[in-house]
Amino acid sequence: MFNQVDGKKYRFVIIFSDLFHYLLKDKLLIVNLCDKLVDLIPSLSKDTTIILPTFNLKFYKTLVTGNSACYITTGFLNKTLLKHLHFQRTKKPIGNYSVIGLDSKKILNIQQNSLFGKDSVINFLSTQSTLGVGIGIDPKNFGWTTIHSCEEEIKVPYRYYKRFEGYNIDTKQKVFENVYVRDLKMKYVCDESIIPKYLLEKKKILNFSYHGLNISFTNLRDHYLTGINILKKDKYGLVKKSY
């Protein structure tokens, strides 16, 4: 069960996925996996809160969003689960999340005045005992988005705040997202392999194979605390130079 790994039961579970290449190789495998999750999630949600990142990364340029699946840029799995299950959505245009289960209201009521900040969904989950489930992702090169919460907490010098204002075509309302964006002039990019390398060595990322599809389990709090400790020693500890 997704909410109980390594003998520990988790109150919050967030699922990240990257299935593009698997869809090209074996679409039937992915469809079967989605069907299994559609059957499994309702029973899990009785004592667990399940969160899907339903980000709209196009909003940075288009400044337009909406409630339909066409505004979700985080993949096939999330769109499929939303189509078949009664998830509720948070209101932010970029860092949008879908939730179902026990503590849904707690997630829906988070203000998220900054995409990765103290009152954001990802920061809340990263400072709780939250189970991160990665489906089809590379566990050696994935920051689980907590990496950006670490950067904002420490106030790294290669990022700054920028406000993106736009419009939700379904609610007919103006919407915005404050983001601690990377300063492109400084030529630094996140190295998302640094935290996973440490956690893999400590066996704090568990990997399984489902018919050749990698599935990872990890505690987001481990990622967050590791990132914070690295940045306290070196504010450039989670980036590398891009030339």
Side-chain angles (χ1 to χ4, degrees), residues 12-16 49 51-67 71-74 78 87-99 103-130 132 142-168 170-171 173-186 188-192 194-195 219-232 234-239:
F12 298 97
V13 176
I14 185 167
I15 302 173
F16 291 90
T49 305
I51 302 104
L52 305 177
T54 41
F55 300 159
N56 178 5
L57 301 179
K58 293 180 180 178
F59 187 83
Y60 286 112
K61 292 185 177 180
T62 66
L63 301 179
V64 175
T65 193
N67 300 330
Y71 294 102
I72 298 173
T73 60
T74 44
N78 292 348
F87 280 83
Q88 294 176 277
R89 302 273 297 274
T90 62
K91 295 179 180 179
K92 286 298 183 179
I94 299 173
N96 186 272
Y97 296 85
S98 293
V99 295
D103 287 320
S104 291
K105 285 186 178 179
K106 188 170 287 189
I107 302 298
L108 294 167
N109 288 334
I110 292 175
Q111 293 298 305
Q112 194 160 292
N113 290 310
S114 173
L115 178 55
F116 310 118
K118 280 281 193 182
D119 65 348
S120 67
V121 172
I122 194 61
N123 186 274
F124 172 81
L125 295 175
S126 298
T127 53
Q128 307 292 311
S129 258
T130 298
F142 193 65
W144 302 85
T145 311
T146 63
I147 188 172
H148 302 311
S149 274
C150 296
E151 291 174 315
E152 186 162 344
E153 171 71 18
I154 299 297
K155 295 294 183 289
V156 295
Y158 50 85
R159 287 183 176 268
Y160 66 97
Y161 286 102
K162 185 173 180 179
R163 183 181 173 97
F164 294 85
E165 298 181 352
Y167 189 70
N168 186 310
D170 292 313
T171 64
Q173 293 178 327
K174 292 180 180 179
V175 289
F176 73 91
E177 191 94 70
N178 290 318
V179 186
Y180 199 45
V181 297
R182 185 164 55 91
D183 187 342
L184 299 180
K185 294 178 183 177
M186 295 189 70
Y188 286 105
V189 294
C190 274
D191 186 344
E192 298 199 52
I194 294 173
I195 296 174
N219 188 328
L220 290 197
R221 194 164 183 266
D222 289 334
H223 285 257
Y224 181 77
L225 293 177
T226 301
I228 291 294
N229 288 336
I230 290 170
L231 291 176
K232 282 182 176 178
D234 178 5
K235 287 191 175 182
Y236 294 89
L238 294 177
V239 291

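We use all heavy atoms of the structure for the numbers below, so side chains are in, but hydrogens, waters and symmetry mates are not.
- Y188 is not listed as a side-chain neighbour of D183, based on a closest heavy-atom distance of 4.5 Å or more.
- Nearest approach of S129 to N219, heavy atoms of both residues: OG-ND2, 3.6 Å.
- The CG atom of N109 sits 12.5 Å away from atom CG of D119, with the distance rounded to the nearest 0.5 Å.
- Contact check for N168 versus K91: no side-chain heavy atoms found under the 4.5 Å cut-off.
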Q.
Under the criterion side chain to side chain contact (heavy atoms under 4.5 Å, CB included), I'd like the reasoning laid out for T49 against V13: C-alpha separation, chi angles, the key distance, then a yes or no.
A. CA-CA 6 Å; T49 305; V13 176; over 6 Å; no
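- Here the closest heavy-atom approach between residue Q88 and residue S104 is recorded as OE1-CB, 4.1 Å.
- From T74, atom OG1 reaches atom CG of N56 across 9.0 Å, with rounding to the nearest 0.5 Å.
- The two residues Y224 and S126 make their nearest non-hydrogen contact at CB-O, 3.5 Å.
- Centroid-to-centroid, the aromatic rings of F116 and Y180 stay 6.0 Å apart or farther.
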Q: For F55 and Y97, run ring-ring contact (aromatic ring centres under 6.0 Å, His included): C-alpha distance rounded to whole Å, both residues' side-chain angles, the deciding distance at 0.1 Å, then the answer.
A: CA-CA 7 Å; F55 300 159; Y97 296 85; 5.3 Å; yes
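- Taking the charged nitrogens against the carboxylate oxygens, E153 and K118 do have a contact shorter than 4.0 Å, which makes a salt bridge.
- Residues M186 and Y236 are in side-chain contact: their nearest non-hydrogen atoms beyond the backbone lie under 4.5 Å apart.
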Q. After noting the C-alpha distance and the side-chain angles of R89 and N67, does the key distance pass the side-chain hydrogen bond (donor to acceptor under 3.5 Å, both in side chains) rule?
A. CA-CA 8 Å; R89 302 273 297 274; N67 300 330; 5.7 Å; no
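- In this structure the side chain of Q111 never reaches within 4.5 angstrom of the side chain of S120, judged on heavy atoms.
- Environment of NZ in K155: crowded, with over 12 heavy atoms of neighbouring residues, nucleotides or ligands closer than 6.0 Å.
- Between I107 and F12 there is a side-chain heavy-atom pair separated by less than 4.5 Å.
- In terms of heavy-atom proximity, C190 sits nearest to H148 at SG-CE1, 3.7 Å.
- Atoms SG and CD1, on C150 and I228 in that order, are 4.5 Å from each other to the nearest 0.5 Å.
- Residues W144 and I122 have side chains not in contact (no heavy-atom distance under 4.5 Å, counting atoms from C-beta outward).
- Between K92 and E177 there is no salt bridge, since none of the side-chain N atoms of the basic residue sits less than 4.0 Å from a carboxylate O of the acidic one.
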(Q) Under the criterion side chain to side chain contact (heavy atoms under 4.5 Å, CB included), I'd like the reasoning laid out for V175 against F59: C-alpha separation, chi angles, the key distance, then a yes or no. (A) CA-CA 10 Å; V175 289; F59 187 83; 4.0 Å; yes
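- In terms of heavy-atom proximity, R182 sits nearest to V189 at NH1-CG1, 3.5 Å.
- Among the candidates D103, V99, T130, the single residue satisfying the side chain to side chain contact (heavy atoms under 4.5 Å, CB included) test with I51 is V99.
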Q | K162 and V179: CA distance, side-chain angles, deciding distance, side chain to side chain contact (heavy atoms under 4.5 Å, CB included) verdict | A | CA-CA 5 Å; K162 185 173 180 179; V179 186; 5.6 Å; no
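- If you look at F176 and F164, their ring centroids are not closer than 6.0 Å.
- Closest of all the heavy-atom pairs between I14 and P53 is CG1-CD, 4.1 Å.
- A distance of 9.5 Å separates CG in N78 from CZ in F16, rounded to the nearest 0.5 Å.
- At least one donor-acceptor pair under 3.5 Å links the side chain of N96 to the backbone N or O of T90.
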Q: Carefully, step by step, assess I94 and Y60 under the rule side chain to side chain contact (heavy atoms under 4.5 Å, CB included).
A: CA-CA 8 Å; I94 299 173; Y60 286 112; 3.6 Å; yes
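- A donor-acceptor pair under 3.5 Å links the side-chain atoms of Q112 to the main chain of G95, judged by distance alone.
- Contact annotation: the side chain of F87 never approaches that of T54 to less than 4.5 Å [non-hydrogen atoms, C-beta and beyond].
- I147 is not listed as a side-chain neighbour of H223, based on a closest heavy-atom distance of 4.5 Å or more.
- The side-chain contact (heavy atoms from CB on, under 4.5 Å) test applied to Y167 returns I169, K172, not counting sequence neighbours.
- Between I154 atom CD1 and K235 atom NZ the span is 7.5 Å, to the nearest 0.5 Å.
- Listed by first then second residue, pairs satisfying salt bridge (charged side-chain N to carboxylate O under 4.0 Å, His left out) with a partner in residues 57-67 number zero, not counting sequence neighbours.
- With S149 as reference, N123 is the one residue of N123, T127, L220, L115 to meet the side chain to side chain contact (heavy atoms under 4.5 Å, CB included) rule.
- Scored by the salt bridge (charged side-chain N to carboxylate O under 4.0 Å, His left out) test, E152 finds no partners at all (sequence neighbours excluded).
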